[in-house]
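To keep things clear, I will list the structure first and then write my remarks on it.
Naming: A, B, ... by sequence-line order, numbering from 1 per chain.
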Amino acid sequence: MPEIKELVKGLADKYGRARESLMPILQGVVLENNFVSDIAMTEIARELDIATAEVYGTATFYSFLDTEPRGKFVIRVCKTITCDMHGKKRVIEKIEDLLKIKMGETTQDKKFTLLTTNCLGWCHQGPVMLVNSTPYPSLDENKVTEIIMEYMSK
Amino acid sequence: MENVKRVDLIFGEYTQEKYKILEETMKKSNEQIITEMINSGLKGRGGAGFLTGMKWKFTAQEKEPTKYVVCNADEGEPGTFKDREILTKVPRKVFSGMAICGKAIGAKIGFMYLRGEYSYLVPDLMAELDIYHEHAKRFNLDFTIELRMGSGAYICGEESALFESIEGKRGEPRNKPPYPTVSGVFGKPTVINNVETFVNAVMIMKYGAEEFKKIGTTDSRGSKVFSISGDTPKAGIYELELGMTVAQFVEEFGDGDTKAVQVGGASGFCVPRKKFKDTIIGFEGVPTGGSMMIFNSSRSMYNVLHNYLDFFEEESCGQCTPCRVGCQQLLKGIQAVKKGEKPSSYLNQLLKLSENMKITAKCGLGQSVANSFSSIVDNFKEEMIY
Ligand SMILES: Cc1cc2nc3c(=O)[nH]c(=O)nc-3n(C[C@H](O)[C@H](O)[C@H](O)COP(=O)(O)O)c2cc1C
Ligand code: SF4
């Protein structure tokens with residue numbers, strides 16, 4: 001896959017080839033491809049001259065460094081207690097309904113992935129979700145419908 | 001507000017002129033800065049509450065020529081969202097605090113480690129960093145600040161795990177000692193402080209240790225930024241004087257039906273109604289990094305504990321057995337008691353297990369599971385069983 005080679009090389013040129021460059025490079029790959037594939041890991045290892053196992057070990061440690069294919073829009077709903085108390089469950093059910101997938105799944109067209117995550121730091125305005133890196137606080141069924149519809153048309 | 005005292009140190013106006021306090025502080029000697037910090041009695045705002053001035057002093061004393069300053073902006077403790085607000089509203093105070101620390105200890109590079117969940121703050125922070133660097137150049141300050149991102153791992157808020165992460169590795173906590181003041185990021189002497197701690201340092205430089213000490217109590221100097229959520233009509237961020245009781249807090253922020261307050265997040269303590277009056281919020285009572293979660297009587301404390309244990313079980317780095325297996329067993333254990341598969345006396349065994357984790361776990365995550373576990377199980381036993 002020449003694109004991945006190019007991408008990794010570009011990121012290494014930007015962030016350097018020291019061990020400490022690994023995190024920014026992995027983050028850069030996720031930003032571009034929505035996940036880090038095995039090929040990408042091998043390519044990063046080659047570029048930084050470290051074992052692929054080291055890259056794999058680091059990547060799999062972090063929940064935002066997905067190593068499975070994800071949709072173009074990754075939805076992460078906060079599941080910590082305050083969001084839970086303020087209607088997280090209804091919001092998740094609504095999203096599942098709209099996208100016709102279950103928690104943890106990706107839509108057939110590879111557009112959306114639905115996940116939960118731990119505290120997003122919006123407890124005073126829960127429930128909250130991240131769509132890629134954008135937070136959407138104060139959700140209810142109506143608001144989340146509007147937001148998802150908008151992403152559907154993108 | 002009659003029950004609690006509002007303060008306006010952290011979010012208060014910085015100055016008319018950009019980086020004025022930093023510029024003024026550059027005229028002080030390193031000894032003066034560190035002495036002022038020690039005299040202020042400021043304790044770290046990230047949770048552990050170590051004396052900030054001492055941390056700076058120990059690092060300054062190290063002979064190693066390369067040293068670092070790290071700002072912990074990982075803010076992962078459930079119920080905490082104050083660092084995000086500080087970074088949004090007063091980033092200049094944070095950068096100033098890091099730079100003052102850098103000068104005082106003899107470091108030339110600072111890292112801000114920001115959690116991946118807050119990556120939408122990056123464009124604004126980068127723009128602010130450009131402004132900071134311009135000003136630093138203007139008064140010949142050789143201290144640059146770099147931003148490093150986390151990627152969704154609570155454990156990376158633990159200082160040594162955070163260093164590992166900056167170094168491009170799995171965020172697994174290290175053995176201590178050596179402490180960061182001797183061997184921190186890249187094995188060099190490092191001061192690591194919370195976002196809010198750095199802002200306090202700036203305010204101490206501005207007003208002096210004596211003025212700063214007038215706020216709060218002997219054990220808990222200064223103000224604290226609280227993140228208040230749960231069953232409250234006034235959820236949000238408040239800067240309050242330390243040293244109030246939970247009763248005063250609830251009077252102000254509760255919904256009239258408060259049954260418990262979780263102070264300090266999932267790794268903090270649960271205070272039940274009958275202990276509101278006698279419990280002080282601060283280092284002399286229940287310490288908090290800022291997280292205050294309020295529960296009213298419609299809430300099941302079993303669900304609360306279950307939620308926290310889910311969190312720990314997921315976020316445990318898995319490196320040491322007491323925590324990796326302990327978190328799983330505590331979670332399975334309360335489920336089994338609830339379902340009636342185990343007798344209620346099994347809870348005592350689980351309490352013992354959590355006490356064991358406190359002693360044997362490698363880092364603060366595993367060690368602090370017992371805080372919420374025993375304070376919830378002890379005070380709400382019936383809710384765990386029926
Ligand atoms: C599991 C765990 C998570 C932590 N998370 C944070 C955090 O998100 N932010 C923080 O400032 N400190 C956190 N800490 C505390 C840090 O290890 C460290 O004590 C702190 O950054 C020191 O800064 P301070 O002295 O200014 O509080 C955490 C500790 C543990 C054990
Ligand atoms: S206590 Fe838990 S989080 Fe800390 S090192 Fe052990 S397994 Fe990792």
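Contacts of Met293(B) with chain A are made by side-chain atoms alone, with heavy-atom separations under 4.5 Å and no backbone atom involved. Residue contact with chain A, scored on non-hydrogen atoms closer than 4.5 Å, involves the backbone of Glu167(B) exclusively. Residue Glu164(B): no heavy atom, backbone or side chain, is found under 4.5 Å from chain A. Of the atoms belonging to Ser227(B), not a single heavy atom falls under 4.5 Å from chain A. If you measure heavy-atom distances from Ile155(B) to chain A, the contacts under 4.5 Å come from the side chain alone. For a residue to count as touching a neighbouring chain, one of its non-hydrogen atoms must lie under 4.5 Å from one of that chain's; by this rule Tyr154(B) does not touch chain A.
Scanning residues 258-270 of chain B against chain A with a 4.5 Å non-hydrogen threshold yields no residues. Interface residues of residues 304-311 of chain B toward chain A, defined by a heavy-atom distance below 4.5 Å and sorted by number: Val304(B), Asn307(B), Tyr308(B), Phe311(B).
Of all the listed residues (Met23(A), Gln27(A), His86(A)), the one sharing the greatest number of non-hydrogen pairs under 4.5 Å with chain B is Gln27(A). For the set Glu172(B), Glu314(B), Glu85(B), the count of heavy-atom pairs under 4.5 angstrom toward chain A peaks at Glu314(B). Of all the listed residues (Cys78(A), Cys83(A), Ser63(A)), the one sharing the greatest number of non-hydrogen pairs under 4.5 Å with chain B is Ser63(A). Chain B forms the most heavy-atom pairs under 4.5 Å with one residue out of Asp84(A), Ile81(A), Thr58(A), and that residue is Ile81(A).
Separation of atoms OG (Ser229(B)) and CE (Met85(A)) is listed at 7.5 Å; rounding is to 0.5 Å. Here Glu117(B) contributes atom CD and Thr117(A) contributes atom OG1; the two are 5.5 Å apart, rounded to the nearest 0.5 Å. Between atom OG1 of residue Thr82(A) and atom CD1 of residue Ile228(B) there is a gap of 12.5 Å, rounded to the nearest 0.5 Å.
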Counting only pairs under 3.5 Å, give me each side-chain donor-acceptor contact of residues 119-139 of chain A, with atom names and distances, residues two or more places apart or in other chains.
residue, atom, partner, partner atom, Å
Trp122(A), NE1, Tyr120(B), OH, 3.2
Asn132(A), OD1, Val74(A), N, 2.8
Asn132(A), ND2, Lys72(A), O, 3.2
Tyr136(A), OH, Tyr151(A), OH, 2.7

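Side-chain contact between Glu54(A) and Lys169(B): absent, with no pair of heavy atoms (C-beta onward) separated by less than 4.5 Å. Proximity of Ile166(B) to Glu20(A): side-chain heavy atoms (C-beta onward) are nowhere separated by under 4.5 Å.
A donor-acceptor pair under 3.5 Å is absent between the side-chain atoms of Ser151(B) and the main chain of Tyr62(A), judged by distance alone.
The environment of NZ in Lys89(A) is sparse: at most 12 heavy-atom neighbours from other residues, nucleotides or ligands sit within 6.0 Å.
Listed by chain and residue number, nothing satisfies the ring pair (Phe, Tyr, Trp, His ring centres under 6.0 Å) test with Phe295(B) (two or more places apart in sequence, or in another chain).
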